[in-house]
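Let me begin by presenting the structure, written as structure tokens, before commenting on it.
Everything numeric in this text was worked out from a predicted model, so none of it was measured. Reminder, nothing fancy here: chain letters follow the sequence lines and each chain counts from 1.
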Amino acid sequence: MFSVVRTIWYVLLHMFHKRITVQYPDEKPYLAPRYRGRIILSRDPDGGERCVACYLCAAACPVDCIALQATEDPTGRRYPEFFRINFSRCIFCGFCEEACPTYAIQLTPDFEMGEYQRPNLVYEKEDLLINGPGKYPGYNFWRVCGVQIGGKDKGEAENEGPPVDIHSLLP
Amino acid sequence: MTSPYPILSILGILIVTLTLAAGLIWLERRLLALWQDRYGPNRVGPFGLLQVLADMIKIFFKEDWIPPFADKAVFVAAPAIIVVTVLMSFAVVPVAPGIIVSDLDVGLLFVLAMSSLGVYSVVLAGWSSDNKYALLGGVRAAAQMLSYEVFMGLSLMGVVLLAGSFNLTAIVEAQRNLWFVAPQFLGFVLFLIAGAAETRRLPFDLPEAESELIAGFHSEYSGMKFGMFFVGEYLGVILISCLITILFFGGWLGPVLPPIVWFLIKVMFFIAFFILMRAALPRPRFDQLMSWGWKLMLPLALANLLITGAVVLAWRS
Ligand code: SF4
Ligand code: SF4
């Protein structure tokens with residue numbers, strides 16, 4: 001019986017506590033950089049598209065909301081011909097970011113993507129691609145991988161020795 | 001003694017109580033939020049006051065659906081019963097001298113009778129819905145009514161003994177020197193608990209019990225029929241607050257301010273207290289509720305009545 005009265009008193013005192021509500025549209029909450037929000041495709045520091053159209057993100061996506069088509073430019077660099085994310089199905093799990101070998105696809109701390117029409121939630125590559133490296137500023141996939149592309153021959157990648165001449169006996 | 005302008009009083013009380021009941025939806029949400037470190041509805045209009053309007057518009061446009069398996073006539077009548085009985089009770093509530101619809105000599109008995117009738121609404125709603133959760137809610141309401149109605153009446157008899165009348169106006173007048181809450185504190189506490197049980201508010205909302213019975217007796221109700229239950233509940237809260245004010249806190253009596261203002265202040269205080277109880281207390285188990293009612297509250301109410309009677313008798317002789 002006493003505990004009932006005490007409970008009522010303590011609840012009454014909550015009147016003077018600080019409100020925990022964040023008055024959202026007027027007052028934005030702080031979102032950590034790792035927050036999983038709107039997805040972007042980033043670029044290399046030198047401005048090229050990072051995505052190599054490996055389909056790993058599309059395979060990892062539990063709701064199958066990523067669609068893309070791989071293609072190659074004349075120099076042998078792979079890139080997606082189109083890249084489409086259907087955000088009305090995306091659950092923002094971040095698996096695509098985990099799967100991506102090139103840090104191309106990244107989730108950002110932005111969640112304000114409400115639309116009145118469902119088709120407007122389908123983002124094409126133009127909507128996804130940003131003009132920067134996103135969360136990994138120094139990383140350049142094509143400069144560390146061993147694949148030959150225009151402007152970078154075999155053996156010219158970082159930490160890569162020149163190719164071995166298999167026809168020579170010299171060490 | 002009836003009011004000089006009966007029609008005016010009827011209209012006035014009707015309009016004020018109904019507006020108040022609607023406003024309580026907003027007040028309850030704001031106060032609950034206040035005690036739970038939130039803000040509550042504060043977007044629509046000043047302080048979110050127009051939220052009430054938005055809620056009303058919404059509930060009016062909801063689909064009003066009667067389940068095909070329900071007993072139609074009873075299903076439709078049930079929500080009306082609760083509103084009608086509570087509004088009838090307001091007829092004998094003296095708001096201020098002269099502002100009363102009908103000054104019955106057995107006003108208190110009338111109120112008790114009407115509030116007991118109100119439980120039919122809940123039981124019938126639960127029964128006619130033909131839904132096991134609704135039925136359980138209805139059964140609980142009946143059992144709750146049985147356990148609480150008894151000591152609710154008895155807890156008030158102390159007041160009646162002291163005032164020597166069942167007439168609510170006379171009861172208020174008898175408190176000129178001392179509010180009855182002082183000599184009848186036990187009666188006040190008992191009536192407060194019984195009142196909360198009577199209005200089926202938390203912590204006694206067992207017939208509704210969202211967490212166990214979906215929505216209890218009104219699981220199958222939608223649209224304005226559901227709204228009627230809501231309005232009935234809020235009207236019940238206002239009524240019980242009015243009764244507490246009249247019976248224990250001197251009704252409209254008070255210095256300086258006009259009587260009606262005093263009455264409203266006191267009533268609002270108890271309404272806020274009911275909301276505070278809802279914010280603070282958990283719902284007891286069903287058997288706990290009943291054993292409390294029969295084994296603790298009823299003997300206490302009887303003892304209170306006996307002692308009050310003895311004291312009054314000794315005083316008079
Ligand atoms: S966040 Fe998850 S659901 Fe969304 S695109 Fe990436 S893998 Fe698919
Ligand atoms: S996993 Fe990365 S590189 Fe591969 S297709 Fe997806 S975004 Fe492009």
Put together the list of donor-acceptor pairs under 3.5 Å connecting chain B with chain A, please.
from    : atom 1 : to      : atom 2 : distance (Å)
B:Leu34 : O      : A:Arg19 : NH1    : 3.1
B:Leu34 : O      : A:Arg19 : NH2    : 3.2
B:Asp37 : O      : A:Ile20 : N      : 3.0
B:Asp37 : OD1    : A:His14 : ND1    : 3.2
B:Asp37 : OD2    : A:His14 : ND1    : 3.2
B:Arg38 : O      : A:Arg19 : NH1    : 2.8
B:Asn42 : ND2    : A:Gln23 : OE1    : 3.2
B:Arg43 : NH1    : A:Asp26 : OD2    : 3.2
B:Arg43 : NH2    : A:Gln23 : OE1    : 3.0
B:Arg43 : NH2    : A:Asp26 : OD2    : 3.4

Side chain, backbone, both or neither of B:Leu34 within contact of chain A (heavy atoms, under 4.5 Å):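 Both the backbone and the side chain of B:Leu34 come within 4.5 Å of chain A.
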
Kindly check if the number of other-residue, nucleotide or ligand heavy atoms within 6.0 Å of [atom1] ([X]) is above 12?
X: A:Phe111; atom1: CZ; result: yes
X: A:Met15; atom1: CE; result: yes
X: A:Phe92; atom1: CZ; result: yes

Spacing of B:Leu281 atom CG and A:Ile8 atom CD1 [to the nearest 0.5 Å]: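 Nearest 0.5 Å value for the CG-CD1 distance: 4.5 Å.
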
Those residues that, when tested against B:Phe191, pass ring pair (Phe, Tyr, Trp, His ring centres under 6.0 Å) (two or more places apart):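 For B:Phe191 there are no ring pair (Phe, Tyr, Trp, His ring centres under 6.0 Å) partners, ignoring immediate neighbours.
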
